[in-house]
Amino acid sequence: MTGKPLAEARPDRPDTGPAAPRSSLHDPDRFGDVFDAHFAEIHGYAAKRLGPDAAGDIASQTFLEAFRNRDRYDPARANVRTWLYGIATNLIGKHRRAEVRGLRARERLPVPGAEGHADRVDARVSAQGLRGRLAGAIAGLPDGERDVLLLVALADLSHEEVAAALGVPYGTVGSRLSRARRRVREALGGTNPMREVEDDHG
């Protein structure tokens, strides 16, 4: 990975500690702590991107791959949560066509009370999922931009954490996110759909 190091997890977020994956090399049962702490969140992220039918497989594969590669985990690069989001996003990347099809289908779904509030997309994504014109706009993004935007909006990762999760330079995250915001803003008629995310994470 490249990007800025992440020596510690954020104190306000659940984590099993930087030693957990590697300590399970000698005591595999300890990896259960990683699973228990993060499975529900990773499953929820996969469900928002690919739908509930695929979420279980993606989440299970994420932890299987994490377990198999736990000797490669580097706590100086990413906390456990960020590391798992990176694995999950890579696995979702193998289902690009399914994700785009799902977003196009959700583009036709109504979003109650959302008219006139396109500048609060992050709140709508959290409360209602990806629907309506927002889903269509995100479906039209290049893959790398979609990954960055959704890691910020759905997983609430910082730029630094996204860089660690995707293994890209810190500056790449900012440029991809800027382009994604511009494209989505244009698709939604010129409003700024990520204003609050930008304020929080920029």
Side-chain angles (χ1 to χ4, degrees), residues 1-52 54-96 99 122 125-126 129-130 143-174 176-177 180 197 200-202:
M1 289 184 186
T2 55
K4 295 185 178 181
L6 291 169
E8 298 180 357
R10 289 186 178 185
D12 60 333
R13 292 182 174 170
D15 207 289
T16 53
R22 295 188 65 85
S23 65
S24 67
L25 287 171
H26 304 292
D27 182 6
D29 288 343
R30 289 204 61 185
F31 198 82
D33 295 338
V34 176
F35 182 92
D36 291 342
H38 301 287
F39 182 84
E41 185 175 3
I42 296 300
H43 183 278
Y45 171 68
K48 289 173 182 176
R49 291 198 60 168
L50 292 178
D57 286 343
I58 292 294
S60 295
Q61 290 173 26
T62 295
F63 285 89
L64 179 60
E65 184 168 332
F67 181 78
R68 288 173 173 170
N69 294 285
R70 62 196 188 280
D71 60 323
R72 301 179 187 177
Y73 171 67
D74 183 0
R77 293 290 183 181
N79 61 48
V80 177
R81 177 178 181 268
T82 299
W83 177 57
L84 291 170
Y85 268 112
I87 296 172
T89 300
N90 286 337
L91 290 170
I92 289 169
K94 299 176 181 179
H95 301 267
R96 295 295 187 192
E99 181 176 32
D122 56 314
V125 168
S126 177
L130 298 171
D143 296 340
E145 293 177 17
R146 187 186 311 119
D147 284 340
V148 168
L149 188 146
L150 293 181
L151 282 169
V152 170
L154 297 179
D156 195 29
L157 297 190
S158 68
H159 289 197
E160 184 179 44
E161 290 171 317
V162 173
L166 298 181
V168 299
Y170 181 86
T172 299
V173 173
R176 287 183 183 177
L177 188 58
V197 173
D200 291 342
H201 299 277

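Just so it is clear, the structure is predicted and the values come from calculations on it, not from any experiment.
Relative orientation of the Phe63 and Phe39 rings is tilted, given thresholds of 30° and 60° on the angle between their planes.
The structure places NE2 of His38 at 15.5 Å from OH of Tyr45, a figure rounded to the nearest 0.5 Å. With values rounded to the nearest 0.5 angstrom, Thr89 atom OG1 is found 12.0 Å from Arg146 atom CZ. To the nearest 0.5 Å, atoms CG (Leu150) and CG (Leu157) are separated by 11.0 Å. Taking CZ of Arg81 as the reference point, atom CD1 of Ile42 lies at 7.5 Å (rounded to 0.5 Å). To the nearest 0.5 Å, atoms CZ (Phe31) and CG (Asp33) are separated by 10.0 Å. Note: Ile87 CD1 to Leu64 CG = 10.0 Å, rounded to the nearest 0.5 Å.
The shortest distance between side-chain heavy atoms of Val168 and Arg176 falls below 4.5 Å. By the 4.5 Å heavy-atom criterion applied to side chains, Leu166 and Leu151 are counted as neighbours.
For the pair Arg70 and Tyr73, the cation-pi criterion (under 6.0 Å, within 45° of the ring axis) is not fulfilled.
Between Ile92 and Ala46, the closest heavy-atom pair is CD1-CA, 4.2 Å. Nearest heavy-atom pair across Ala164 and Ala78 is CB-CB, 3.9 Å. Considering every non-hydrogen atom in both Ala180 and Leu149, the closest pair reads CB-CD1, 3.7 Å. Tyr170 and His159 get closest at one heavy-atom pair: CE1-CB, 3.7 Å.
Side-chain atoms of Thr82 and Asn79 form a donor-acceptor pair, as typed in the model, at a separation below 3.5 Å. No hydrogens or angles considered: nothing links the side chains of Thr62 and Tyr85 as a donor-acceptor pair under 3.5 Å.
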Q: Check the pair Glu65, Arg68 against salt bridge (charged side-chain N to carboxylate O under 4.0 Å, His left out), reporting the backbone distance first and the verdict last.
A: CA-CA 5 Å; Glu65 184 168 332; Arg68 288 173 173 170; over 6 Å; no
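A salt bridge links Asp147 with Arg49: at least one charged nitrogen is closer than 4.0 Å to a carboxylate oxygen.
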